[in-house]
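Comments concern the structure below.
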Amino acid sequence: MLFSDLVASSNRVAGTRSRLAKLRELAQCLRALAPEEIEIGVLWLSGEIRQGKIGLGYAAIRQAQPAPAQEASLTLLDVDQAIEQIMTTRGAGSATRRKNQLDSLLSRATAEEQSFLSRLVVGELRQGALAGLMVDAIAEASSLPVADVRRAAMYSQQVGTLARAALVEGSAGLAKFRIQVLSPIAPMLAQTAPDVETALEQLGGQAMFEWKVDGARVQVHKSDDTIRVFTRSLNDVTDAVPEVVEAIRGIAAREIVLDGETVALDSNGRPLPFQITMKRFGRKLDVDAMRRELPLHVYFFDCLQLDGESLADRPARERFEALERALPAGIRIPRITTTDAAAARAFYDGVLAKGHEGVMAKAVDSPYEAGNRGAGWLKIKHVHTLDLVVLAAEWGSGRRNGWLSNLHLGARDPAGGFVMLGKTFKGLTDSMLEWQTKEFLAREVRRDSYTVYVRPEIVVEIAFNDIQSSSQYAGGYALRFARVKAYRPDKPVGQANTIDDIRRIYAQQTTMTDR
DNA sequence: TTCCGACAGTGGGGTCGCAAT
DNA sequence: ATTGCGACCCCACTATCGGAA
């Protein structure tokens, strides 16, 4: 297939808002792919590439602006080969060589192909369809039941592999997709609940509550002496986390697949801030030195496979029983099962007092929905709110084009002026975007290419989860997961929260985690 | 007819590794 | 040595479509 045909198909997908029309267009394009093109074509139409990340991002794309080709000549395989070459270019001088290779590829592409490639490489295809819709399109194109394809998708690491199996081998091909030890699967994700009482109600009056630890997700596979540790995005980090490997090396189970969270603890066993865990977890070098300084602990909360038996479809209760049989208590997440809201509340309070970020509430009978944000798992985290002052706003992109979107947030400095604590674009409705654009422009003092700076007159109520120490912001603090709750036109700037309030919350946090 | 589940989009902060400066 | 970029950890929230109720 010509690359231009696939790009045209993507543009037609982007050109309609109807998901059914997108699905039909994708399915039609899938049917036209040659067998050896299925994997790459399906990935590209899902906004991904076979090679994953290739060491080029927004900055590289912005610099590369060669004149487009007049005629479409590239095939899918041509483009795949060029991407492969870029990805394998490493070592001294490689950044320059990769940019040259990108330039060379783009110069062989038409204007539309260039646009598609650029969006693909930076990971922002923005055609209104990604792997989620592609799974349905695969079912359509292969005439296989949607439920079967979706089920297989839970256990496939790449939608391209799934598509090739479905289109070439049919239902027999789908059967290959199941939990296999040493092969990671997409972890189940959780929805959010505002508090434990609501969570208990949503889960039907009975739920399991467990610690929510603020670290990094790990999926651990053991097959005899072979142990592998994978991240949430299925990267293999086995060599970076020897403690996790050692934690299950000695268990009796010959074969097991576990879901858990790893976190750095202090000498008293209290959790360290996420930033500290990431100093350790994010590092690949000097692991031995790092583990002496910042040892990791792991808490497992689910068991997907145990000695040849897949448990993912079993009720949560049974999976947790398997966990208890297989693991010592020290590496199992503490949990209670209750119907009593007061007990749940007391558990939540206790978990926060131990320095953790909140609790998970889980339905006792729900299956493990790999890759899904299942309604059977709810997270409840502690939230702060403060009234801050808008210092500036950045122009939005995509559907927020033409609106001032991303807010620069400042706390009042009692000594005069404001201390910036970060930015947020979250929580804004379309009508708020419209309102704030008008209000900010009326208060503009200056602007640059992205940002309109305003007189500090607008107070906004901001929710956030934590305060992190920051080297980026002058005050030394940054809000974690900041989002807008409401504008506070009733509140004069003089009554907005101050940097002292921030320091107080930060001190509270660090006391909580005993540092 | 209304409700709601699933998706996609819109970006946030920090940390590390690596190449360029 | 320092700087900038890219990859990857953690994410929250709204709008929308289309099937479920």
Side-chain angles (χ1 to χ4, degrees), chain A residues 14 16-23 46-47 52-63 89-99 121-136 150 189-192 214-218 231-235 237 240 261-263 273-286 290 357 372-375 379 381 383 394 396-401 403 405-409 421-433 462-473 477-485:
Chain A
T16 173
R17 297 212 313 202
S18 162
R19 282 175 199 156
L20 291 173
K22 289 177 191 285
L23 192 155
S46 309
K53 297 292 178 168
I54 60 170
L56 293 172
Y58 184 76
I61 290 293
R62 199 182 39 191
Q63 283 171 32
T89 301
R90 296 286 138 152
S94 66
T96 311
R97 287 210 305 283
R98 280 200 303 274
K99 279 182 199 168
V121 166
V122 298
E124 296 180 346
L125 189 57
R126 289 178 161 86
Q127 61 173 12
L130 295 169
L133 197 58
M134 180 57 81
V135 170
D136 286 5
R150 287 196 169 209
L189 306 176
Q191 300 183 13
T192 304
D214 190 12
R217 190 87 176 258
V218 284
T231 65
R232 186 185 141 167
S233 50
L234 312 189
N235 291 310
V237 290
E261 187 91 1
T262 186
V263 64
F274 179 73
Q275 282 178 296
I276 306 294
T277 292
M278 285 313 295
K279 274 184 193 287
R280 174 57 210 284
F281 190 79
R283 187 185 295 241
K284 305 286 178 277
L285 307 174
D286 301 323
M290 283 304 285
E357 69 170 338
N372 285 353
R373 201 169 281 286
K379 55 182 163 186
K381 299 204 280 189
V383 177
E394 297 172 13
S397 63
R399 73 183 298 284
R400 292 191 177 186
N401 219 326
W403 278 335
S405 172
N406 198 7
L407 309 179
H408 294 200
L409 303 169
L421 295 171
K423 309 176 189 177
T424 187
F425 57 91
K426 295 170 183 164
L428 299 163
T429 63
D430 287 358
S431 70
M432 288 164 86
L433 286 163
I462 298 293
F464 59 96
N465 289 72
D466 291 301
I467 297 167
Q468 305 189 102
S469 77
S470 171
S471 53
Q472 177 179 351
Y473 291 109
Y477 301 103
L479 304 181
R480 184 160 176 229
F481 308 140
R483 60 268 194 189
V484 173
K485 295 314 282 184

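In what follows, chains are A, B, ... by sequence order, proteins preceding strands, each numbered from 1. Predicted model only: the values in this text are computed from it and were never measured.
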Task: From dG13(B), dA6(B), dG9(B), nucleotide with atom closest to Arg150(A) side chain - done: dA6(B)
- [ ] Between Gly128(A) and Ser469(A), name the one whose nearest nucleotide on DNA chain B is closer to the 5' end.
- [x] Gly128(A)
Task: Greater than 12 external heavy atoms within 6.0 Å of Arg217(A)'s CZ - done: yes
Open item on the list: Across nucleotides 16-21 of chain B, 5' to 3', mark each nucleotide with B, S or - according to how protein heavy atoms within less than 4.0 Å reach it.
Closed with: SS-SS-
Open item on the list: Quick check for you: among dG13(B), dC9(C), dG12(B), whose closest atom lies nearest to any side-chain atom of Phe281(A)?
Closed with: dC9(C)
Open item on the list: By the 4.0 Å heavy-atom rule, please label Lys99(A) as base, sugar-phosphate, or nothing.
Closed with: nothing
TODO: Heavy atoms under 4.0 Å is the rule here; annotate nucleotides 15-21 of chain C 5' to 3' with B where the base is hit, S where only the sugar-phosphate is, and - elsewhere.
DONE: SBBSS--
TODO: Indicate, with a heavy-atom threshold strictly under 4.0 Å, whether Lys22(A) touches base, sugar-phosphate, or nothing.
DONE: nothing
- [ ] Would you kindly say whether Arg400(A) and Ser405(A) are connected by a side-chain donor-acceptor distance under 3.5 Å?
- [x] yes
Task: side-chain N/O Gln468(A) vs dG13(B) OP1/OP2, d < 4.0 Å - done: no
Task: Partner of Val484(A) by side chain to side chain contact (heavy atoms under 4.5 Å, CB included), out of Leu409(A), Thr429(A), Ile462(A) - done: Ile462(A)
Open item on the list: With nearest nucleotide decided by heavy atoms, which residue, Ala131(A) or Gly422(A), maps closer to the 5′ end of DNA chain B?
Closed with: Ala131(A)
Task: Test item: Arg480(A) side-chain N/O and Ala478(A) main-chain N/O as donor-acceptor pair under 3.5 Å - done: no
- [ ] Provide, to the nearest angstrom, the distance between the OH atom belonging to Tyr58(A) and the C1' atom belonging to dA7(C).
- [x] 18 Å
Task: Residue-phosphate contact under 4.0 Å: Asn406(A) side-chain N/O, dG12(B) OP1/OP2 - done: yes
Open item on the list: Would you say Ser94(A) and Arg90(A) are linked by a side-chain donor-acceptor pair, where the criterion is simply a distance under 3.5 Å?
Closed with: no
Open item on the list: Among dC9(C), dC11(C), dG13(B), which nucleotide has an atom closest to any side-chain atom of Ala216(A)?
Closed with: dC9(C)
Open item on the list: Between P on dG12(B) and CZ on Arg400(A), what's the gap in Å once rounded to a whole number?
Closed with: 10 Å
Open item on the list: Can you give me the closest heavy-atom contact between Ser397(A) and Arg126(A), atom names plus distance?
Closed with: OG-NH2, 4.5 Å
Task: Leu20(A) side, atom CG; Asp136(A) side, atom CG - distance, nearest 0.5 Å - done: 9.5 Å
TODO: Please state how far atom CG in Asn372(A) lies from atom P in dG5(B), giving the value in whole angstrom units.
DONE: 13 Å
- [ ] Figure out the NZ/P separation between Lys426(A) and dC11(C), and round it to whole Å.
- [x] 11 Å
Task: Residues which pass ring-ring contact (aromatic ring centres under 6.0 Å, His included) with Tyr473(A), listed by chain and number, not counting sequence neighbours - done: none
Task: Side chain of Gln191(A) (C-beta onward), nearest among dG6(C), dC10(C), dA6(B) - done: dA6(B)
